[in-house]
Amino acid sequence: MLKKNECYEAEFTGYTSEGLGVTRIDGMAVFAPKAIAGEKCLVKILKVTKTVAFGKIEKVLVESPHRVKPSCAYAGLCGGCTFQHMDYEEECSLKAQRVEDALTRIGGLNLGKVDLLAAKTTGDYRNKAQFPVGMCNGKADAGFFRQRSHQVIPIKRCGIQSEDADKIRAATVNWIKTYRVPVYDEVAHSGLIRHIYVRCGFKTGQVLACIVANGDKLPREKELVTMLREAVPNLTTVVLSIHKKKGNAVLGDEFRTLWGPGTIEDELCGLRFQLSPRSFYQVNGDQAERLYDRAIALAELDETKTALDLYCGTGTITLCMAKAAGSVIGVEIIEAAIEDAKKNAERNGIENARFFCADAGEAAKRLAEEGTRPDVIMVDPPRKGVSMDVIEAMVTMSPEKIVYVSCDPATLARDVKLLEERGYKATHAEAVDLFPRCAHVESICLLSKEINN
């Protein structure tokens, strides 16, 4: 039986879905961060349960050739990057294996080796930043939460985000200190400034700064705008997000523009999109273009086919499909997103796309009443995957193909298994890395309707 606080020699053989190293000691699975497969380490046991144990590496005895010195000064402190201790080659390998393992173990599939489309760069790629604000050593500051806590770790420069985002953070903190603006205390639910939220249009150069506050207005709003504009000359707009509820949500439900139009624009796949603080938009634009190109290629669209996007958001994938299909339909349950999608279609001069607000079941019924049957359904759901009613709705619409884009291999595998049980055959899967140095990975699975002879 493993003992807490005891050290053991062990060799790591693989990784968990969260990127922890996996080894076995005295027959029990042990998980530890910052491990690399193939390394022999001295592992200190921190926690023992009935089935598994958790530990940390006290010393690397036999080092992997994939181990590198972290390039980030905050590696191991903030809860952001998971793989700063290994080279990008090993990171890509483990992410591809994670998708393959999920499809095999959870989905019961045998699609063979899953290839991963690696990112061209691992730094400065994120077009969205969310900095929690808090008291650090008695002073107001902003950065990221320490892993599995709400302790704010002050950050000066994040290696995976834009330099403009860090400048917005620094200027806002300077404004807070200069005018003694109270920061939010989530325990007491008091104070004012909760988060600093930044969106950047990498293709257009436009920048949106959003201050999230526990109140209806800010003190010295004009001075804030001036300080932000001086820090980032290409700043496009400043928005206040009013968030007076308790909880972990970053943004509130009400917004007020302090300066500028309240939105920015960016380009993706040759199309132009308007972005507000709440718009869904992939954080890695270059890799998102490659992801969408691969998904649309697998759909094999042409001018004779109708495509349906069941989680269309503000219409990014829908409008990209419109360039290849005869007609496209976008469905989203959030009404504000649908209005944005319609405006984005108009902005890009796309006339073969239509959008309506409904859940998947309502969409299936409406399309059936119209006599419309999509040839292809594209889904890109949130991390929790597709609900059973959406599975049934897709099957009822009976498309030739379903292209499933996922940000969680486990829920993808679960849903693909359900679709296979209902007459769809998974024929291809691949991965695309939109989140270098972080644990998440995107994947695409193609399913085709089985023909019964």
Side-chain angles (χ1 to χ4, degrees), residues 12-24 27-33 35 37 49-54 82-83 90-118 282 287 291 294-295 298-299 310-311 317 360 376-396 399 401-435 438-450:
F12 286 90
T13 56
Y15 305 96
T16 69
S17 59
E18 293 82 20
L20 298 176
V22 179
T23 185
R24 296 192 76 85
M28 177 173 278
V30 179
F31 307 134
T49 71
K50 290 182 179 180
T51 55
V52 299
F54 298 88
T82 305
F83 301 123
E90 180 71 2
E91 178 185 338
C92 289
S93 176
L94 76 86
K95 286 180 174 179
Q97 191 64 49
R98 177 186 169 193
V99 176
E100 185 179 325
D101 288 347
L103 291 171
T104 302
R105 293 203 301 257
I106 301 172
L109 304 176
N110 184 19
L111 298 179
K113 184 177 182 297
V114 171
D115 291 325
L116 180 137
L117 187 60
Q282 293 283 7
Q287 284 296 91
L291 173 73
R294 290 298 305 139
L298 290 171
L310 276 181
Y311 293 84
I317 296 182
V376 175
I377 293 180
M378 181 83 68
V379 289
D380 185 5
R383 197 168 305 282
K384 64 182 179 181
V386 175
S387 60
M388 184 56 70
D389 64 323
V390 176
I391 295 282
E392 299 294 356
M394 287 194 290
V395 173
T396 299
K401 294 181 178 181
I402 297 173
V403 181
Y404 194 134
V405 178
S406 171
C407 57
D408 188 293
T411 55
L412 167 70
R414 177 201 68 196
D415 295 342
V416 167
K417 184 176 182 179
L418 292 171
L419 287 165
E420 282 222 328
E421 291 170 354
R422 288 158 176 77
Y424 282 85
K425 180 70 175 176
T427 58
H428 176 79
E430 59 188 80
V432 183
D433 188 20
L434 270 71
F435 312 98
C438 302
H440 301 310
V441 62
E442 293 276 335
S443 48
I444 312 168
C445 189
L446 172 65
L447 299 103
S448 300
K449 188 177 181 181
E450 294 185 298

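FYI, the numbering just counts along the sequence from 1.
- Nearest heavy atom pair, residue Asp433 against residue His440, reads OD1-O, 4.1 Å.
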- Task: Check the pair Phe12, Val22 against side-chain contact (heavy atoms from CB on, under 4.5 Å), reporting the backbone distance first and the verdict last.
- Result: CA-CA 5 Å; Phe12 286 90; Val22 179; 5.5 Å; no
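- At a threshold of 4.5 Å between non-hydrogen side-chain atoms, the residues Leu116 and Val441 count as touching.
- The closest donor-acceptor contact from the side chain of Glu100 to the backbone of Val114 lies under 3.5 Å.
- Here the shortest heavy-atom pairing between Ala426 and Leu111 reads O-CD2, 3.4 Å.
- Put simply, CD1 on Ile391 and CD on Glu421 are 10.0 Å apart, with the number rounded to the nearest 0.5 Å.
- Asp415 places none of its side-chain heavy atoms less than 4.5 Å from the side chain of Met394.
- To the nearest 0.5 Å, the span separating CD1 on Ile377 from CD1 on Ile402 amounts to 5.5 Å.
- Side-chain contact between Lys417 and Ile106 is absent, with no heavy-atom pair separated by less than 4.5 Å.
- Of all the heavy atoms in Cys407 and Pro381, the pair that sits closest is SG-O, 4.3 Å.
- With rounding to the nearest 0.5 angstrom, the CD1 atom of Ile317 is 4.5 Å from the CG atom of Asp380.
- Using modelled atom types, one side-chain atom of Arg98 and one backbone atom of Ala439 make a donor-acceptor pair closer than 3.5 Å.
- Across every non-hydrogen atom of Leu412 and Ser406, the tightest pair is CB-OG, 3.5 Å.
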- Take Thr82 and Glu18 through the side-chain contact (heavy atoms from CB on, under 4.5 Å) test and state the conclusion after the steps. CA-CA 8 Å; Thr82 305; Glu18 293 82 20; over 6 Å; no
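- Contact check for Glu430 versus Leu117: no side-chain heavy atoms found under the 4.5 Å cut-off.
- Listed here is the closest heavy atom pair of Gln287 and Val432: NE2-CG1, 3.7 Å.
- For the atom pair CG (Leu419) and OG (Ser448), the distance works out to 11.5 Å, reported to the nearest 0.5 Å.
- At least one side-chain heavy atom of Val386 sits under 4.5 Å from a side-chain heavy atom of Tyr311.
- From Asp408, atom CG reaches atom CD of Glu442 across 10.0 Å, with rounding to the nearest 0.5 Å.
- Of all heavy-atom pairs between Leu103 and Ala429, the closest is CD1-CB, 3.5 Å.
- Remark: Leu94 pairs with Tyr15, Phe83, Met86 by the side-chain contact (heavy atoms from CB on, under 4.5 Å) rule, at least two apart or across chains.
- Put simply, the side chain of Glu392 reaches to within 4.5 Å of the side chain of Arg422, judged on heavy atoms.
- Proximity of a side-chain donor or acceptor of Thr411 to a complementary backbone N or O of Lys384 within less than 3.5 Å is not detected.
- Considering NZ of Lys95 and SG of Cys438, their distance stands at 6.5 Å, rounded to 0.5 Å.
- Considering only heavy atoms from C-beta on, Lys401 stays 4.5 Å or farther from Lys449 through its side chain.
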